[in-house]
There are 2 protein chains.
Amino acid sequence: MQVKKRRVMSPKQAAACCRPVDDLLDPALFKALCDPTRTRLLGCLVKCGRACSVTEVAECCSVDFSVVSRHLALLARAEILVARREGRVVRYVVRYARLGKLLRELADAIEEHAPTEEPCCAGGRRGSC
Amino acid sequence: MQVKKRRVMSPKQAAACCRPVDDLLDPALFKALCDPTRTRLLGCLVKCGRACSVTEVAECCSVDFSVVSRHLALLARAEILVARREGRVVRYVVRYARLGKLLRELADAIEEHAPTEEPCCAGGRRGSC
DNA sequence: TTTTCACTTGCATGGGTGTGCAAACGTTAG
DNA sequence: CTAACGTTTGCACACCCATGCAAGTGAAAA
């Protein structure tokens, strides 16, 4: 059985390689998800499974309309939601595929670097471990 | 072929059900990941694949030692890293399995709610859509 | 056109937090 | 013991941002 090669390196060396992890570990995405009000609104939208107006979503939370509007706009800017105008109503929908893909790819990328041996320093040279 | 039943509901109704999504959509986790410096440090640790001292990790970034120390402690508190003392050196390791599991479960939970038909309102009653 | 409705934006406020410096802490070496 | 090392913590500063209110925008109804 072919075992994947894995270089043992310092954090500084690691910083300069393996782009995929860095690209997926995007602080901008997490910044959009780090606020409790925002995750609550997003949770409602996710579970709702359809396009919802700002007014509808605002019923989930005890904050001001304007706050909900701002949060939804921010989530849309982060490409987590999409906004669609229908007359004077704006409906937001979750980008299920995109969000799922991003999170899954990140999970994969992280686990890909997990050490195979339990003791993380097995077989390493003194200098690098 | 058996198709999974999916309720069509308002965001407010959605807020009161489907716990798994809410539990996984935890703002505390994302709060730990929303800072650029922190994601950079985490990225280095992830790619490094072994336990690293604070000093080592600090070489990845142009910020002060104390800042790195604080960031790593915060990531450990968020259960993204684990700290281990070795003499006067403190080494941090990524909790690969936990992090991967969390992200993958979240991805699953989100995609589970994605509407199956492309138009999200197909077949819905007027009041709920 | 005027009014109403759904939403967005400007403004001010308060709280949280990332940062650097310096001091303190705990551990090991001399 | 003292000294050196690696790390943490206290403090001060600056900046960002979530919030609420009020005013503004744009579209549909009257």
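Proteins get letters first, then strands, A, B, ... in listed order; numbering begins at 1 in each. Everything quoted here is computed from the prediction, not taken from an experiment.
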Can you tell me the distance, in whole Å, between the CD atom of A:E56 and the C1' atom of C:dC5? 15 Å
If every non-hydrogen atom of A:A97 is compared with every non-hydrogen atom of B:E111, which pair is closest and at what distance? O-OE2, 4.3 Å
Nearest heavy-atom contact between A:F30 and A:L106 is CZ-CD2, 3.6 Å
Atom CG of B:L72 to atom P of C:dT19: distance rounded to whole Å? 12 Å
Check whether any side-chain heavy atom of B:L81 lies under 4.5 Å from a side-chain heavy atom of B:R95, and answer yes or no. no
Testing D:dT8, D:dG26, C:dG26 for proximity to the side chain of B:S66, the answer is D:dT8
With the threshold set at 4.0 Å, does a side-chain nitrogen-carboxylate oxygen contact exist between B:E79 and B:R77? no
Of A:E86 and A:S62, the one whose closest DNA chain D nucleotide lies more 5': A:S62
With respect to the side chain of A:L74, which nucleotide from D:dA18, C:dT8, D:dT9 is positioned closest? D:dA18
Among D:dT19, D:dA18, D:dA29, the nucleotide that comes nearest once only the side chain of A:R88 is considered: D:dA29
Decide, yes or no, whether a salt bridge links B:R50 with B:E56 under the criterion of side-chain N to carboxylate O below 4.0 Å. yes
For C:dT17, does either OP1 or OP2 sit under 4.0 Å from a side-chain N or O belonging to B:H71? no
Report the distance from atom CZ of A:R77 to atom P of C:dT8, rounded to the nearest whole Å. 11 Å
Any N or O donor-acceptor pair under 3.5 Å from the base of D:dG20 to the side chain of A:R70? yes
Separation of A:D64 atom CG from C:dT13 atom P, in whole Å? 18 Å
A:R91 CZ to C:dT8 P, straight-line distance once rounded to whole Å: 13 Å
Counting only side-chain heavy atoms from C-beta out, which of C:dT8, C:dG18, D:dT9 sits nearest to A:Y92? C:dT8
For residues 32-45 of chain A, dump all side-chain donor-acceptor pairs below 3.5 Å to protein atoms at least two apart in sequence or in another chain.
{"unit_1": "A:D35", "atom_1": "OD2", "unit_2": "A:T37", "atom_2": "N", "d": "3.1"}
{"unit_1": "A:D35", "atom_1": "OD2", "unit_2": "A:R38", "atom_2": "N", "d": "3.1"}
{"unit_1": "A:R38", "atom_1": "NE", "unit_2": "A:A32", "atom_2": "O", "d": "2.9"}
{"unit_1": "A:R38", "atom_1": "NH1", "unit_2": "A:H71", "atom_2": "ND1", "d": "3.3"}
{"unit_1": "A:R38", "atom_1": "NH2", "unit_2": "A:K31", "atom_2": "O", "d": "3.0"}
{"unit_1": "A:T39", "atom_1": "OG1", "unit_2": "A:D35", "atom_2": "O", "d": "3.4"}
{"unit_1": "A:T39", "atom_1": "OG1", "unit_2": "A:P36", "atom_2": "O", "d": "2.8"}
{"unit_1": "A:R40", "atom_1": "NE", "unit_2": "A:C60", "atom_2": "O", "d": "3.0"}
{"unit_1": "A:R40", "atom_1": "NH2", "unit_2": "A:C60", "atom_2": "O", "d": "3.1"}

Heavy-atom check, side chain of B:Y92 versus side chain of B:V57, under 4.5 Å: no
Quick one, which residues of residues 28-40 of chain A touch DNA chain C with a heavy atom under 4.0 Å? none
Starting from the 5' end of DNA chain D, give me the residue, A:R85 or B:V67, whose nearest nucleotide shows up first. B:V67
